[in-house]
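Every chain is numbered from 1, with letters handed out A, B, ... down the list of sequences. Small disclaimer: the values here were computed from a predicted structure and weren't measured.
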Amino acid sequence: MPELPEVETVRQGLAKWVAGRRIAAATVHHPRAIRRHVPGPDHFSAVLAGRTVVDVSRRGKYLWLPLDSGDAVVGHLGMSGQLLMQPPGTPDEKHLRVRFAFDDDGPELRFVDQRTFGGLAVSEGGAELPAEIAHIARDPMDPLFSDAGFVTALRRRRTEVKRALLDQTLISGVGNIYADEALWRAKLHGARPTDALTGPAALRLLGHVRDVLAEAIVAGGTSFDALYVNVNGESGYFDRRLNAYGREGEPCRRCGAPIRREHFMNRSSFSCPRCQPRPRSRG
DNA sequence: GAACCCACCTGTAGGC
DNA sequence: TGCCTACAGGTGGGTT
């Protein structure tokens, strides 16, 4: 599942391959992939033809391609999205949704997405920061991310700490997997109330979030080759050394207790029952 | 305004 | 072997 490290790896790969290139044609193969582009597929194609990609930017799990027109192509990979560079003529992927051909006849950019949770849209005037993602908080790898501001906002919330970590308007880039990993490192159960966290504890948690993401970016970067900008995740992600996520019944690497799995927000949470005891009360 | 819940989507794994 | 169900989970819109 693409979280911040995977998206950052894609961003770095795309920047090398599409920055400075002029789009010859953008072809929509599945309308759902551009459902956020309200004017529809024809408009999507028309407004992109002839435009030059200036750069590739990211905030949290969102990517956007600033264009020379001042607009931007904004995208989210969702659960299964991939942005691939492919030589023209390569057989279409089964789940090819959008194809970008360039006027230099070099490698195409293809948006492939099995489950179509992801999508692309053109953001008018969005080269600097697309309005569609202005509500997304900065991510902890962003130099302008405010640690103090995060701690204050977190402790002001009346919710559970894992819910808060997954709230992209509070801190972006963290998904279910890295939230579990950061909580394991911080020895905190995800159900701990945010307003009961001390300032130093919140700051320590943030440090663990940042460490997990930074280590994953390094690991993710090693799993992608230069041309094939792969977001599949299997080779990159599961090679990484996870301490909690997906380890139900396996011994905690810290204390040996079997990792437990709990249902939370229609998904699974993994934690150590000894290192991360459930809070005695929700208050 | 904040917090919470659920639909969206499809391939895979497991049970029968 | 084939069918059915549960599961995976980020986001946004609707509800509380």
Check your understanding: Considering only side-chain heavy atoms of A/Arg36, which listed nucleotide, B/dC9, C/dG12, C/dG10, is closest?
Key -> C/dG12
**Study point:** Rounded interatomic separation in angstrom, taking CG from A/Leu63 and P from C/dT11
**Key:** 12 Å
Point to revise | Nearest-nucleotide 5' precedence on DNA chain B, A/Gln114 against A/Thr159 | key: A/Thr159
Check your understanding: Hey, are A/Arg260 and A/Ser271 close enough side-chain-wise for a donor-acceptor pair under 3.5 Å?
Key -> yes
Check your understanding: Which part of the nucleic acid does A/His135 contact within heavy-atom distance under 4.0 Å: base, sugar-phosphate only, or nothing?
Key -> sugar-phosphate
Review point. Heavy atoms, side chains only, cut-off 4.5 Å: are A/Glu262 and A/Arg278 in contact?
Key: yes
Review point. Do the side chain of A/Arg115 and the base of C/dA8 come within less than 3.5 angstrom through a donor-acceptor pair of N or O atoms?
Key: yes
Review point. Could you state the CZ-P distance from A/Phe264 to B/dC4, rounded to the nearest angstrom?
Key: 9 Å
Look for any protein N or O under 3.5 Å of an N or O in nucleotides 5-8 of chain B and output each such pair with its distance, or none.
| from | atom 1 | to | atom 2 | distance (Å) |
| --- | --- | --- | --- | --- |
| B/dC5 | OP2 | A/Arg163 | NH2 | 3.1 |
| B/dC8 | O3' | A/Arg32 | NH1 | 3.3 |

Exercise for review: Using whole Å, report how far OH of A/Tyr178 lies from P of C/dG10.
Suggested key: 11 Å
**Study point:** Student check: side-chain heavy atoms of A/Leu206 and A/Phe145 closer than 4.5 Å
**Key:** yes
Practice item. Kindly write out the residues that satisfy side chain to side chain contact (heavy atoms under 4.5 Å, CB included) with A/Thr52, not counting sequence neighbours, or none if the list is empty. Key: A/Arg22, A/Asp68
Point to revise | Five-pair end axes of the helix from B/dA2-C/dT16 to B/dC16-C/dG2 and the angle they enclose, rounded to 10° | key: 50°
Check your understanding: Under 4.0 Å between a side-chain N or O of A/His76 and OP1 or OP2 of C/dG10?
Key -> no
**Study point:** OP1 or OP2 of B/dA3 under 4.0 Å from side-chain N/O of A/Arg157
**Key:** yes
Check your understanding: Less than 4.5 Å apart, any side-chain heavy atom of A/Leu48 and any of A/Leu67?
Key -> yes
**Study point:** Close side-chain approach of A/Pro5 to A/Tyr178, heavy-atom, < 4.5 Å
**Key:** yes
Check your understanding: What is the distance from CZ of A/Phe111 to P of B/dC9, rounded to the nearest Å?
Key -> 14 Å
Review point. Is NZ or CZ of A/Arg253 both nearer than 6.0 Å to the six-membered ring centre of A/Trp184 and within 45° of the ring axis?
Key: no
Review point. Is A/Tyr62 near enough to C/dG12 that one of its side-chain N or O atoms lies under 4.0 angstrom from OP1 or OP2?
Key: yes
Check your understanding: C/dA6 C1' sits how many Å from A/His263 NE2, rounded?
Key -> 10 Å
Practice item. Check whether any side-chain nitrogen or oxygen of A/Ser268 sits under 4.0 Å from OP1 or OP2 of C/dA8, and answer yes or no. Key: yes
Point to revise | Closest-nucleotide ordering on DNA chain C, the 5'-leading residue of A/Phe270 and A/Glu132 | key: A/Phe270
Point to revise | Value in whole Å for how far the C1' atom of B/dC4 lies from CG of A/Asp167 | key: 11 Å
**Study point:** Value in whole Å for how far the P atom of B/dA3 lies from CG of A/Leu165
**Key:** 14 Å
Practice item. To the nearest Å, give me how far apart CD (A/Glu160) and P (B/dA3) are. Key: 12 Å
Exercise for review: Look at the side-chain N and O atoms of A/His95 and state whether any lies under 4.0 Å from the OP1 or OP2 oxygen of B/dC9.
Suggested key: no
Exercise for review: Indicate yes or no: at least one non-hydrogen side-chain atom of A/Lys187 is less than 4.5 angstrom from one of A/Arg254.
Suggested key: yes
Practice item. Give me the one residue out of A/Glu181, A/Glu3, A/Lys162 that meets side chain to side chain donor-acceptor pair (under 3.5 Å) with A/Asn176. Key: A/Lys162
Review point. Should A/Glu132 and A/Trp64 count as side-chain neighbours, where that means a heavy-atom distance under 4.5 Å?
Key: no
